[in-house]
Amino acid sequence: MIEIEHVTQRYGASVAVDDLSLEIAAGEFCVIIGTSGAGKSTVLRMINQLARQSSGAIRIDGEDVSRLPLAQLRRRIGYVIQSIGLFPHWTVARNVGAVPELLGWPKARTRARAAELLAALKLAPGAFLDRYPHELSIGQQQRVGIARALAADPDILLMDEPFGALDPITRQALQAEIAEIQRSNRKTVVFVTHDMDEALRLASRIAVMDQGQLVQAATPLELLSAPANDFVRDLVGRDDLGLKLLGLAAVERRMRPGEPAPGPPLAAGASLREALSRMVAEGCDRLAVVDAEGRPLGAIHLADLLRR
Ligand code: ADP
Ligand code: MG
């Protein structure tokens, strides 16, 4: 658990973060969203103590971060940034192994860990371990950046607009992968973005910041259905609210189990929004639903999308 208690960060006369209190439970996927200059990056940099707060306390599992030795912080907290920041003259293997090397792991174990993580992030270890960052696409470099952050198996992952520089396809693929990594490894993720669609897709809870202050911390559903003020309402977007709500729920939650349906199938994990889009595109009012192996599970009807 991360506890941020009355934390303020001042730079000269200006206040970057203003009396912020926020608790992030273990295993939570917390997305911090806000416009540029809101103080989002500063919050992450204070959690891992790249910046020391002017006042207030930050604790991880009850321990004050300002008292934790740096090596321990680096082991417990992975950090991914938009500009990626790989060392250009180091191979991918060495970049991924940076923290294990710092912690004094044996070389073979570090390399094996790097290979394991690259494979998990869909980069064939044999092809990538000994390459240099400039030989990789931006999307591949960001995969390496994520692997590096995960190397010492930290409980906490801080991600600062990690997918901001990626094209939409690569971005969606990496969003899905980080969601899967978070779920299956029970990581606590604090993820900064200014993209509400990205926040809605990933977050178990969304913290909205404006001018250094926390405006609202709520589940995606609460944020959409009960925005705290006009700032949040504008950020959420007044248009397409119904579509955004449909985007939050998976087809399997509303499908009719065991019912057969004609036509090309939809994955059970797809959102209701995708189901609607497919029905409109194909001019039909029902779709077959299948599991990850393509086995039929049931059917979803247009009417099922309207049920609350
Ligand atoms: P965000 O990530 O939400 O865009 P930041 O946390 O980077 O916002 O910055 C919040 C405010 O603090 C901005 O006005 C920024 O200029 C200021 N700031 C951040 N870091 C520093 C620093 N090291 N020195 C002075 N001002 C800073
Ligand atoms: Mg920032």
Side-chain angles (χ1 to χ4, degrees), residues 1-25 28-70 72-74 76-85 142 145-146 149 154-165 178 188-200 202-218 220 223 227-236:
M1 177 164 77
I2 307 169
E3 293 165 277
I4 300 170
E5 211 175 85
H6 295 295
V7 164
T8 294
Q9 182 67 287
R10 285 187 200 86
Y11 291 110
S14 72
V15 182
V17 173
D18 186 4
D19 193 30
L20 176 78
S21 293
L22 181 65
E23 268 187 24
I24 301 161
E28 201 171 347
F29 200 124
C30 177
V31 174
I32 301 179
I33 189 165
T35 47
S36 176
K40 308 180 297 294
S41 296
T42 303
V43 171
L44 295 195
R45 294 168 55 81
M46 291 188 299
I47 294 174
N48 67 13
Q49 292 288 285
L50 285 175
R52 181 78 180 268
Q53 67 269 22
S54 312
S55 61
I58 300 174
R59 284 184 295 272
I60 292 174
D61 297 336
E63 292 184 89
D64 191 324
V65 288
S66 64
R67 300 220 179 91
L68 285 175
L70 202 64
Q72 236 202 79
L73 266 181
R74 296 292 165 267
R76 292 174 73 173
I77 305 179
Y79 184 44
V80 183
I81 53 178
Q82 178 176 345
S83 56
I84 311 173
Q142 192 54 287
I146 295 169
D155 306 327
I156 295 171
L157 206 52
L158 306 178
M159 307 186 78
D160 195 348
E161 309 207 25
F163 307 145
I178 202 67
T188 306
V189 176
V190 189
F191 185 109
V192 164
T193 184
H194 57 257
D195 175 354
M196 184 53 88
D197 287 323
E198 183 166 74
L200 292 172
L202 292 172
S204 58
R205 202 153 56 109
I206 300 176
V208 181
M209 286 186 70
D210 182 30
Q211 296 177 50
Q213 297 184 338
L214 180 69
V215 182
Q216 185 171 13
L223 204 74
N229 59 22
D230 281 346
F231 178 79
V232 181
R233 208 166 285 125
D234 284 335
L235 204 61
V236 165

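- Pairing each heavy atom of Ala57 with each of Val7, the nearest pair is O-CG2, 3.4 Å.
- Two residues are said to be in side-chain contact when any heavy atoms from C-beta on lie closer than 4.5 Å; Tyr79 and Arg45 meet this criterion.
- Shown here for Gly145 and Val80, the closest heavy-atom pair between the two residues is O-CG2, 4.0 Å.
- Thr35 OG1 to Met209 CE: the interatomic distance, rounded to the nearest 0.5 Å, is 10.0 Å.
- The SG atom of Cys30 lies 13.5 Å from the CE atom of Met159; values are rounded to the nearest 0.5 Å.
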**Q.** Intermediate values then yes/no, side-chain contact (heavy atoms from CB on, under 4.5 Å), Ser66 and Arg52
**A.** CA-CA 8 Å; Ser66 64; Arg52 181 78 180 268; 3.4 Å; yes
Q.
If you apply the rule side-chain contact (heavy atoms from CB on, under 4.5 Å), what do you find for Asp61 with Met1, and how did you get there?
A. CA-CA 5 Å; Asp61 297 336; Met1 177 164 77; 4.3 Å; yes
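- Sorted by first and then second residue, the side-chain hydrogen bond (donor to acceptor under 3.5 Å, both in side chains) pairs involving residues 202-214 (not counting sequence neighbours) are Asp18-Gln213, Glu28-Arg205.
- We find the CG-CG distance between Leu214 and Leu22 to be 6.0 Å, quoted to the nearest 0.5 Å.
- With hydrogens and angles ignored, the 3.5 Å screen pairs no side-chain donor or acceptor of Asp197 with any backbone N or O of Leu200.
- A donor and an acceptor atom, one from each side chain of Thr42 and Gln9, are nowhere located under 3.5 Å apart.
- With values rounded to the nearest 0.5 angstrom, Ile58 atom CD1 is found 6.0 Å from Gln49 atom CD.
- Side chains of Asp195 and Thr193: a donor-acceptor N/O pair is absent below 3.5 angstrom, by distance only.
- Between the side chain of Gln53 and the main chain of Gly56, a donor-acceptor pair closer than 3.5 Å is present.
- Judged as a ring pair (Phe, Tyr, Trp, His ring centres under 6.0 Å), and not counting sequence neighbours, the contacts of Phe163 are Phe191.
- With hydrogens and angles disregarded, a donor-acceptor distance shorter than 3.5 Å links the side chain of Gln216 to the backbone of Ala228.
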Q. What do the steps show when you test Asn48 against Leu73 for side-chain contact (heavy atoms from CB on, under 4.5 Å), and what is the final call?
A. CA-CA 7 Å; Asn48 67 13; Leu73 266 181; 5.5 Å; no
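- In this structure, Met46 CE and Leu158 CG are separated by 11.5 Å, a value rounded to the nearest 0.5 Å.
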Q: Could you give me the CA-CA distance, side-chain angles and deciding distance for Ile178 and Val189, then say whether side-chain contact (heavy atoms from CB on, under 4.5 Å) is met?
A: CA-CA 9 Å; Ile178 202 67; Val189 176; 5.6 Å; no
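- Minimum interatomic distance between Pro220 and Ala203 (heavy atoms only, all atoms of both residues): CG-O, 3.4 Å.
- Separating the CD1 atom in Ile4 from the CZ atom in Arg59 is a distance of 11.0 Å, to the nearest 0.5 Å.
- Proximity of a side-chain donor or acceptor of Lys40 to a complementary backbone N or O of Gly34 within less than 3.5 Å is detected.
- Looking only at side-chain heavy atoms (C-beta outward), Gln142 and Pro162 come within less than 4.5 Å of each other.
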